[in-house]
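Everything quoted here is computed from the prediction, not taken from an experiment. These values consider heavy atoms only, across backbone and side chains, with no hydrogens, waters or symmetry-generated copies.
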Amino acid sequence: VTRGFTNLYPILALEAKGEQNAENPALGVNEIIIETRRHNSFLSFLSTEEISEALKAVTARYFSLKNDPRLEWFSAYKNYGKLAGASMEHPHFQIAVKARIPKKFRERFGLAQEYFWNKGRYLCCDEIKRHRKIGQIIFETNNFLVLVPHAARVPYHLRIYPVKHNPSFAHVLSGSDETRKDFAETLRRAVFLFKVAVQGDDFNRCADPLYNFYIETAPYRDDHKEGI
């Protein structure tokens, strides 16, 4: 059984009014999805089934909350470790759904649109082809691939792309249990490889290194299953 609940200290709330400040959250939804019952576990050592069930819950909340016309931007994310922003030790994902699309995301989305208008091709698809050519694909499954972005901003910066062109992770993960489990194993394996790279031979005696992982989708109600 996967459990989910509203964050005890939410940064977003559907009943929010007025300007956001330290005591007044912005309009939106901030929820916790528990990954496992084991309090002292971490993602690289979870089973594929445990991660898949947590992702199933995230996807269910995506489709449930998209019916609210006030919400425009959906993000599922995980901060591991206090210095990475985690305030709760128990393994969990967070969901943040906002009434406004963040400026940084709007800029990235605008660049992708401009790229398509200028070249008639999709930016992410061309990025995958480019990284194949220069040998920066870490590994690939039937449905997903993991790569190191060109000119990565930070060490160990990884991105996960679906092999099939699709702008919404929720539609990818809701397609079949097999696809969702494939993504769960891809995520677990990516974190495990990061762990080995950082910790070396001590990886089996340590918790995961600090990291941030996130998925973003906007505009929220653009229900294109095959791309735009």
Side-chain angles (χ1 to χ4, degrees), residues 1-13 25 28-65 73-98 138-139 141 143-144 146 154-162 169-170 172-174 176-217:
V1 177
T2 303
R3 292 175 171 82
F5 46 85
T6 300
N7 195 326
L8 183 62
Y9 303 104
I11 58 173
L12 303 161
V29 175
N30 185 199
E31 297 179 345
I32 301 292
I33 301 294
I34 299 299
E35 298 168 29
T36 178
R37 294 181 178 182
R38 291 176 285 159
H39 177 71
N40 61 344
S41 190
F42 31 89
L43 196 143
S44 68
F45 281 9
L46 293 183
S47 69
T48 298
E49 288 72 20
E50 287 174 309
I51 302 172
S52 177
E53 286 301 304
L55 292 169
K56 183 178 181 180
V58 170
T59 304
R61 293 303 289 152
Y62 173 95
F63 287 111
S64 176
L65 293 168
W73 177 83
F74 184 99
S75 175
Y77 63 96
K78 178 179 178 66
N79 301 325
Y80 184 78
K82 286 187 177 181
L83 293 179
S87 58
M88 184 171 72
E89 186 177 352
H90 195 102
H92 67 285
F93 288 103
Q94 287 201 57
I95 293 173
V97 192
K98 294 185 177 182
I138 299 176
F139 68 88
T141 70
N143 301 288
F144 303 95
V146 180
V154 295
Y156 307 107
H157 187 178
L158 305 178
R159 285 181 181 166
I160 301 176
Y161 286 93
F169 86 92
V172 175
L173 299 185
S174 64
S176 68
D177 288 345
E178 181 181 355
T179 302
R180 189 175 63 252
K181 288 180 180 179
D182 190 6
F183 181 79
E185 176 57 21
T186 299
L187 178 59
R188 189 206 65 78
R189 183 179 172 189
V191 173
F192 178 75
L193 291 176
F194 166 54
K195 178 184 179 73
V196 172
V198 173
Q199 298 173 347
D201 294 338
D202 293 328
F203 76 89
N204 210 26
R205 295 180 296 190
C206 302
D208 288 347
L210 306 180
Y211 65 84
N212 303 101
F213 162 78
Y214 63 92
I215 304 172
E216 296 174 311
T217 293

How long is the gap from [atom1] on [X] to [atom2] on [Y], to the nearest 0.5 Å?
X: N212; Y: Y80; atom1: CG; atom2: OH; value: 13.0 Å
X: I34; Y: H90; atom1: CD1; atom2: NE2; value: 5.0 Å
X: D208; Y: L43; atom1: CG; atom2: CG; value: 6.5 Å
X: N143; Y: E185; atom1: CG; atom2: CD; value: 12.5 Å
X: L158; Y: T186; atom1: CG; atom2: OG1; value: 12.0 Å
X: K78; Y: L187; atom1: NZ; atom2: CG; value: 9.0 Å

inquiry  = Y214: which residues meet the ring pair (Phe, Tyr, Trp, His ring centres under 6.0 Å) condition with it, sequence neighbours left out?
reply    = none
inquiry  = So if I apply the side chain to side chain contact (heavy atoms under 4.5 Å, CB included) rule between V29 and each of L65, T6, L12, which one comes out positive?
reply    =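 Option passing the side chain to side chain contact (heavy atoms under 4.5 Å, CB included) with V29: L65.
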Atom CD of E49 with >12 non-hydrogen neighbours under 6.0 angstrom =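 Check passes, neighbour count above 12.
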task = Might you confirm whether atom CZ of F5 has over 12 heavy atoms from other residues, nucleotides or ligands at distances under 6.0 Å?
result =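 Yes, CZ of F5 has more than 12 neighbouring heavy atoms, counting only those of other groups under 6.0 Å.
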message = Using the rule given for side-chain contact (heavy atoms from CB on, under 4.5 Å), can you reason through I95 versus F74, listing the C-alpha separation, both sets of side-chain angles and the distance that settles it, and then say yes or no?
response = CA-CA 8 Å; I95 293 173; F74 184 99; 3.7 Å; yes
How close do [X] and [Y] get, heavy atom to heavy atom, and via which atoms?
X: G4; Y: I33; answer: CA-CD1, 4.1 Å
X: A184; Y: S52; answer: CB-N, 3.6 Å
X: Y77; Y: A96; answer: CE2-CB, 3.8 Å

key: Test log, rule side-chain contact (heavy atoms from CB on, under 4.5 Å), inputs R180 and E53   = CA-CA 9 Å; R180 189 175 63 252; E53 286 301 304; 4.3 Å; yes
Results of side chain to side chain donor-acceptor pair (under 3.5 Å) for N30 - residues two or more places apart only = N7, Q94
key: Within the 6.0 Å centroid threshold, strictly below: F183 and F169   = no
ask   = Under a 4.5 Å cut-off applied to non-hydrogen side-chain atoms, are L46 and E35 in contact?
value = yes
ask   = Quick one: does NZ or CZ of K195 land under 6.0 Å from the six-membered ring centre of F45, within 45 degrees of the ring axis?
value = yes
key: All salt bridge (Lys or Arg N to Asp or Glu O under 4.0 Å) counterparts of R38, not counting sequence neighbours   =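 R38 satisfies salt bridge (Lys or Arg N to Asp or Glu O under 4.0 Å) with E50 once adjacent residues are dropped.
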ask   = Are V172 and T179 close enough, and set up right, to give a side-chain contact (heavy atoms from CB on, under 4.5 Å), and what steps lead you there?
value = CA-CA 7 Å; V172 175; T179 302; 4.0 Å; yes
query = How far apart are the C-alpha atoms of T141 and F139, what are their side-chain angles, what is the distance that settles it, and do they pass the side-chain contact (heavy atoms from CB on, under 4.5 Å) test?
reply = CA-CA 7 Å; T141 70; F139 68 88; 4.3 Å; yes
query = Between S174 (side chain) and A170 (backbone), is there a donor-acceptor pair under 3.5 Å?
reply = yes
ask   = Is any side-chain N of the basic residue among E178 and K181 closer than 4.0 Å to the acidic one's carboxylate O?
value = no
